[in-house]
Amino acid sequence: AQSVTQLDSQVPVFEEAPVELRCNYSSSVSVYLFWYVQYPNQGLQLLLKYLSGSTLVESINGFEAEFNKSQTSFHLRKPSVHISDTAEYFCAVSEMDTGGFKTIFGAGTRLFVKA
Amino acid sequence: DGGITQSPKYLFRKEGQNVTLSCEQNLNHDAMYWYRQDPGQGLRLIYYSQIVNDFQKGDIAEGYSVSREKKESFPLTVTSAQKNPTAFYLCASSIRSGGANVLTFGAGSRLTVL
């Protein structure tokens, strides 16, 4: 079974600074990778996904993630963060099981943007 | 608007009581999921269902039960057998995209056992 490791539980950063949230996954033949974001007391929202093709994927609000097969990583980056980016970010991998597709999540990284 | 509705948003339960959390979707998605979220542990899969009248246990199914009698509905019952039920519960549904499932989540239900 797949597993996902998010290496940082909390990342404090100043506004307008760059940030990287790290994610590693266990190896598999076919890999589908995701980043989801959760604001306080809400459900998760899809931020971006890698299914195939270009290894660099981008979101509409300036985040990007790069699929690195040799390092089994899918780190999330943003060159300049805003206060509104404060949230918890989850890396996830989708795998096929006997009952169909299921998604495995990492433990989450709490991004705290300071003024 | 299409989406997933979870109710209630907050729920308090005495020890020994069963409680049922509702999840309804109008997205016409085939697959539905229940996750449990605890601080520092991410999301753990409780049950999932790919089609009506069929469901599979996830990683932490003990003490929980589900049904899938309609495509739109996937209620979760937290039974008295669940040793530590206080948590945030998230329901999701999915559509296949490029061979993988992309999840849409509800707003969650927070269960507190008194």
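What you see is a predicted model; the values in this text were computed from it and never measured. Order of the sequence lines fixes the chain letters, A, B, ..., with proteins taken first and strands second; residue numbering starts at 1 for each chain.
Heavy atoms of Thr103(A) lying under 4.5 Å from chain B belong to its backbone as well as its side chain. When heavy atoms are compared at a cutoff of 4.5 Å, Asp59(B) approaches chain A solely by way of its side chain, counted from C-beta outward. For chain A, no part of Arg44(B) is nearby; none of its heavy atoms comes within less than 4.5 Å. Looking at Leu43(B), both its backbone and its side chain come within 4.5 Å of chain A, counting heavy atoms on both sides. Only the side chain of Lys9(B) comes within contact range of chain A, with at least one heavy atom under 4.5 Å from a heavy atom of that chain.
Summarising the local packing, CD of Glu62(B) is surrounded by 12 or fewer heavy atoms from other residues, nucleotides or ligands at distances under 6.0 Å. By the 6.0 Å contact criterion, NZ on Lys114(A) is enclosed, its count of non-hydrogen atoms from other residues, nucleotides or ligands being greater than 12. Arg110(A) CZ: 12 or fewer foreign heavy atoms inside a 6.0 Å radius. Atom CD1 of Ile60(A) is surrounded by 12 or fewer heavy atoms from other residues, nucleotides or ligands within 6.0 Å.
Partners of Ser73(A) according to the side chain to side chain contact (heavy atoms under 4.5 Å, CB included) rule, which considers only residues two or more places apart in sequence or in another chain, are Asn24(A), Asn68(A), Gln71(A), His75(A).
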Practice problem: Could you give me the CA-CA distance, side-chain angles and deciding distance for Gln37(B) and Gln38(A), then say whether side chain to side chain contact (heavy atoms under 4.5 Å, CB included) is met? | Solution: CA-CA 12 Å; Gln37(B) 184 177 17; Gln38(A) 184 181 34; 2.8 Å; yes

Practice problem: For side chain to side chain contact (heavy atoms under 4.5 Å, CB included), just list the numbers for Leu103(B) and Phe34(A), CA-CA rounded to whole Å, side-chain angles, deciding distance to a tenth of an Å, and then say yes or no. | Solution: CA-CA 10 Å; Leu103(B) 298 177; Phe34(A) 306 83; over 6 Å; no

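Following chains of ILVMFWY side-chain contacts shorter than 4.5 Å, one can reach Tyr48(B) starting from Phe105(B), so the two form part of one hydrophobic cluster. Hydrophobic clustering of Ile, Leu, Val, Met, Phe, Trp and Tyr side chains at less than 4.5 Å, counting indirect connections, keeps Leu76(B) apart from Leu45(B).
Here the closest heavy-atom approach between residue Ala107(A) and residue Gly40(B) is recorded as CB-O, 3.6 Å. Of all heavy-atom pairs between Asn101(B) and Ser94(A), the closest is OD1-OG, 2.6 Å.
In terms of heavy-atom pairs under 4.5 Å with chain A, the best-connected choice from Tyr33(B), Tyr35(B), Phe88(B) is Tyr35(B).
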